[in-house]
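Everything numeric here is computed off the predicted structure, so don't read it as measured data. We name chains A, B, ... by the order of the sequence lines, and we start the count at 1 in each one.
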2 protein chains.
Amino acid sequence: MPRPSDAKKHFVDTAVTLFRRKGYNGVGLNEIIAVSGAPKGSFYHHFPGGKEELAEEAARLAGHRIARLIDQAFIDAPTFADGVHALADIIADWFEASDWRDGCPVTALVIGAIPDSTRLSAVVAEVLEDWAARTAGHAERLGVSDPRERAARFFIALEGAWLLARVQRTRAPFKLAASMVL
Amino acid sequence: MPRPSDAKKHFVDTAVTLFRRKGYNGVGLNEIIAVSGAPKGSFYHHFPGGKEELAEEAARLAGHRIARLIDQAFIDAPTFADGVHALADIIADWFEASDWRDGCPVTALVIGAIPDSTRLSAVVAEVLEDWAARTAGHAERLGVSDPRERAARFFIALEGAWLLARVQRTRAPFKLAASMVL
DNA sequence: CCCGTTTTATGGTGATCACCATAGAATGGA
DNA sequence: TCCATTCTATGGTGATCACCATAAAACGGG
């Protein structure tokens, strides 16, 4: 049983995991509450906006986590291409370790919650923009001539690879994706 | 009211549209039946396997349709790159015309039905393999040295672009995707 | 210790979910 | 026309959906 003030964190954390596995509409509130271990009666106290508000916070949390992965991959990379390969490898590692179940958290929300929820759509757009801007920053620092476009290409390939790897259950798409950005 | 023997087609056709818009778990059987206009009482006669069987047929139908688009784009293309741009343009046109709502039918099923349904997973894998093989065939015919890999790259970029364009509501991702395959 | 605030427990609401049993209607070949 | 097959109509099943009203419990500053 989690400490009282941690209940909200547990809800969001569980939501991130379950949304990634089964999609926004594939997970019920009851399941999230049960898995999180947080008290059922407190859900609508912490999330007056209900499931949609929970998904917003889940998007932000997952967004921050991947943002950290981005920095981690590029901070020690001698070239942009090295950073791209490093990030693709990291994500492929985690994805394979989950038996190809934990997809991109953003994709999970895009399918089934966009464009129905205006607020959630905006949050998702913000998260993707943060990823792109952050990556473009690293690209510029590493001497790439067109950092914004290279970053955009990278995430197109990364999202596509994340989806196809789920079907093929192979990390081949990630390898190809990394090689495409160059 | 559709002619009796057309009921099944109507169900599948409607399922393709609605799955693309709201995802597999975002659409209920009642809605599909209502929108299709086909007789409600006949659903489980045509689809003893229920929603999952309907989704299988929807995947196959959508697969065939996009396969036709692929051939259509490449058949008159002087080079592989021209075919890639042509297909990306066609899909971007349709996507924009739907106000960025009709996503990739395969993506809609991958999120929320994989890996829960083994049969559906297999069908999706078959459809993607057909697209790749078909595209590789065109690539080879057009003198590409590594047709299989180029086709794989293309669909990684295409799926990623289809997803990101839904968030950005712009065809820019498709343009970038096409330029990445070269 | 008291009191106001934050958090949790309980027990539901109606709606919708996928699914199905049974029976009647339509159809087309013999 | 008769019959077998194919299709449709009706009216549900229990389960789960997101959500909430009410009240008790835990907490922390004064």
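A salt bridge is absent between A/R60 and A/E53: the closest approach of a Lys/Arg side-chain nitrogen to an acidic carboxylate oxygen does not fall below 4.0 angstrom. Between B/K9 and B/D13 there is no salt bridge, since none of the side-chain N atoms of the basic residue sits less than 4.0 Å from a carboxylate O of the acidic one. A salt bridge links A/R119 to A/E56: at least one charged side-chain nitrogen sits closer than 4.0 Å to a carboxylate oxygen.
The stretch residues 113-122 of chain A has no heavy atom under 4.0 angstrom from DNA chain C at all.
In this structure, a donor-acceptor pair under 3.5 Å is present between the side chains of A/H138 and A/D71.
One interatomic measurement links the two molecules: CZ of B/F47 to C1' of D/dT6, which rounds to 15 Å at whole-angstrom precision.
Taking the six-membered ring where tryptophan is involved, the planes of A/F174 and A/F95 are perpendicular, since the angle between them exceeds 60° and thus also 30°.
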message = Across nucleotides 14-20 of chain C, 5' to 3', mark each nucleotide with B, S or - according to how protein heavy atoms within less than 4.0 Å reach it.
response = ---SSBB
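For D/dC7, one of the phosphate oxygens OP1 or OP2 lies less than 4.0 angstrom from a side-chain nitrogen or oxygen of B/H45. A close approach under 4.0 Å does not occur between any side-chain nitrogen or oxygen of A/H46 and OP1 or OP2 of C/dT6. For the OP1/OP2 pair of C/dT7 and a distance below 4.0 Å, the side-chain nitrogens and oxygens of A/S42 include no atom meeting the criterion.
Annotation for A/A62 and A/V16: closest pair CB-CG1, 4.1 Å, computed over non-hydrogen atoms.
The side-chain contact (heavy atoms from CB on, under 4.5 Å) search around B/E140 returns B/P147, not counting sequence neighbours.
The backbone N or O of B/A38 lies less than 3.5 Å from a partner atom in the side chain of B/S36, making a donor-acceptor pair.
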